[in-house]
> 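My questions will all concern the structure given below.
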Amino acid sequence: MCYPYSTDNKITKSPLEANILRIIDKEIDYQSEYAPPHQPETRFHSFTVEDQPGEQWMIMRGKYDDIEDIKLEVTMFDGYVTVPKLGDDATGEDVRLHISFIVDVSKGDGGENLEFLCSAWPDRLEIQKVYLLRGEKMLGRPYMGPDFRKLNRELQKRLREYLDARGVNDELSFFLHEYMLNKDRIELIQWFGKVKSFVEK
């Protein structure tokens, strides 16, 4: 019987390829032991969570009052800012990671959807834009509304409350950061595995 990896038919790797495989194995071991990823969450409060393995985003779905469908499309980390370290003896800067996501609110009648472009920071949610879109494919370039920060302050407050009532709030931002930190580790380890498989062929 001949096994795929028996010494009889094993392809000899060049020193460069062998070195690449050794480094990848070390990276996989390090990532798996330093901060081992866990199975991604499938729920957060009233939302179901749909991971997109191998992709840089995920989807969350929920309902509100049995008449509204809420859909979130969430990226992995797509930016950062540096902030001063806190504490009496702190020096230097910390990095605060950023996540972009879209909140789509529809009535399920095929009409218009209210869509929010949001930023998730580790401790807070920010609204960037509010769109009113038709359910079917848009043609042309419709007016997309003003920058959220230019809206009347009372309207800004009410729109934040509108999202909060639907579970889109600072607590969600914290969850998204925890989720994406874990997803980042999962995707990195799988990427190393795919590169290793390619080099081994």
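Heavy-atom basis, side chains included; hydrogens, waters and symmetry copies ignored.
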> Tell me whether Tyr80 shares a hydrophobic cluster with Val74, the cluster being built from Ile, Leu, Val, Met, Phe, Trp, Tyr side chains joined at under 4.5 Å.
yes
> Is Lys71 salt-bridged to Glu73, cutoff N-O under 4.0 Å?
yes
> Checking Thr42 against Thr48 for the side chain to side chain contact (heavy atoms under 4.5 Å, CB included) test, could you report, in this order, the C-alpha distance in whole Å, the side-chain angles of both residues, the deciding distance, and whether it holds?
CA-CA 6 Å; Thr42 57; Thr48 58; over 6 Å; no
> A quick test of your reading: do over 12 heavy atoms of other residues, nucleotides or ligands sit less than 6.0 Å from CZ of Arg43?
yes
> Check step by step if side chain to side chain contact (heavy atoms under 4.5 Å, CB included) holds for Ile59 and Arg61.
CA-CA 7 Å; Ile59 295 174; Arg61 298 180 194 272; 4.0 Å; yes
> List the steps, then state whether side chain to side chain contact (heavy atoms under 4.5 Å, CB included) holds for Asp29 with Glu33.
CA-CA 6 Å; Asp29 289 345; Glu33 292 170 13; 4.3 Å; yes
> How long is the straight-line distance from OG of Ser173 back to CD of Glu178, given to the nearest 0.5 Å?
12.0 Å
> So, Arg96 and Asp123, do they make that salt bridge, N to O below 4.0 Å?
yes
> Looking at side-chain heavy atoms only, is the closest gap between Leu159 and Phe148 below 4.5 Å?
yes
> So do the side chains of Leu163 and Ile127 get within less than 4.5 Å of each other, counting heavy atoms only?
yes
> Rounded to the nearest 0.5 Å, what separates atom CG in Leu72 from atom CH2 in Trp57?
12.0 Å
> For Val49 and Phe44, work out which heavy atoms get closest and say how close.
CG2-N, 4.1 Å
> Can you tell whether the side chains of Lys157 and Glu154 come within less than 4.0 Å, N to carboxylate O?
no
> For Phe192 versus Ile24, what's the shortest heavy-atom pair and its separation?
O-CG2, 3.6 Å
> Is it the case that atom NZ in Lys26 sees more than 12 heavy atoms from other parts of the structure closer than 6.0 Å?
no
> Is any NZ, NE, NH1 or NH2 atom of the basic residue among Lys129 and Asp147 found under 4.0 Å from an Asp or Glu carboxylate oxygen of the other?
no
> Are Asn182 and His38 close enough that some pair of their side-chain heavy atoms sits under 4.5 Å apart?
yes
> Please tell me whether Phe174 and Val168 are part of a single hydrophobic cluster in this structure, the criterion being side-chain heavy atoms less than 4.5 Å apart.
no
> Check Phe101 against Ala120 and note the closest heavy-atom contact, atom names and distance.
CE2-CB, 3.8 Å
> Any link between Met180 and Val81 through a network of hydrophobic side chains (Ile, Leu, Val, Met, Phe, Trp, Tyr) touching at under 4.5 Å?
no
> Find the distance between CG (Asn169) and CG (Asp164) and round it off to the nearest 0.5 Å.
4.5 Å
> Would Met60 and Ile70 count as a side chain to side chain contact (heavy atoms under 4.5 Å, CB included) here? Give the steps.
CA-CA 8 Å; Met60 297 177 70; Ile70 316 294; over 6 Å; no
> Do Pro146 and Leu151 have side chains that get closer than 4.5 Å, going by heavy atoms?
yes
> Quick check: closest heavy atoms across Glu55 and Met76, and the distance to 0.1 Å?
O-SD, 3.9 Å
> Do the non-hydrogen side-chain atoms of Leu97 and His177 ever get within less than 4.5 Å of each other?
yes
> Output the distance between atom OG1 (Thr75) and atom CG (Leu176), rounded to the nearest 0.5 Å.
9.0 Å
> Drop me the distance from Arg149's CZ to Glu126's CD, to the nearest 0.5 angstrom.
7.5 Å
> Do Phe198 and Ile28 share a hydrophobic cluster (ILVMFWY, side-chain heavy atoms under 4.5 Å, transitive)?
no
> Can you tell if the side chain of Phe77 reaches within under 4.5 Å of the side chain of His98, non-hydrogen atoms only?
no
> Does Glu161, at its CD atom, have more than 12 non-hydrogen atoms belonging to other residues, nucleotides or ligands within less than 6.0 Å?
yes
> Salt bridge check, Glu68 against Lys107: does any charged N sit closer than 4.0 Å to a carboxylate O?
yes
> Using a 6.0 Å distance limit plus a 45 degree cone around the ring axis, check whether Arg166 lies over the aromatic ring of Tyr162.
yes
> Could you list the residues that satisfy side-chain contact (heavy atoms from CB on, under 4.5 Å) with Gln190, not counting sequence neighbours?
Ile186, Glu187
> So if you build clusters from Ile, Leu, Val, Met, Phe, Trp, Tyr with side-chain heavy-atom gaps below 4.5 Å, do Trp121 and Val103 land together?
no
> Could you check whether any side-chain heavy atom of Lys196 comes within less than 4.5 Å of a side-chain heavy atom of Leu21, counting everything from C-beta outward?
yes
> Can you tell me if CZ on Arg124 sees more than 12 non-hydrogen neighbours from other groups inside 6.0 Å?
yes
> Do Phe175 and His45 have ring centres separated by under 6.0 Å?
no
> Could you measure the distance from the OG atom of Ser197 to the CD atom of Glu200? Nearest 0.5 Å is fine.
6.0 Å
> Could you walk me through whether Asp69 and Lys63 pass the salt bridge (Lys or Arg N to Asp or Glu O under 4.0 Å) check?
CA-CA 5 Å; Asp69 293 315; Lys63 281 192 113 38; 2.4 Å; yes
> Taking the side chain as every heavy atom from C-beta outward, state whether Ile189 and Pro37 have any pair of such atoms under 4.5 Å apart.
yes
> When you check the side-chain N and O atoms of Tyr179 and Asp51, is any donor under 3.5 Å from an acceptor?
yes
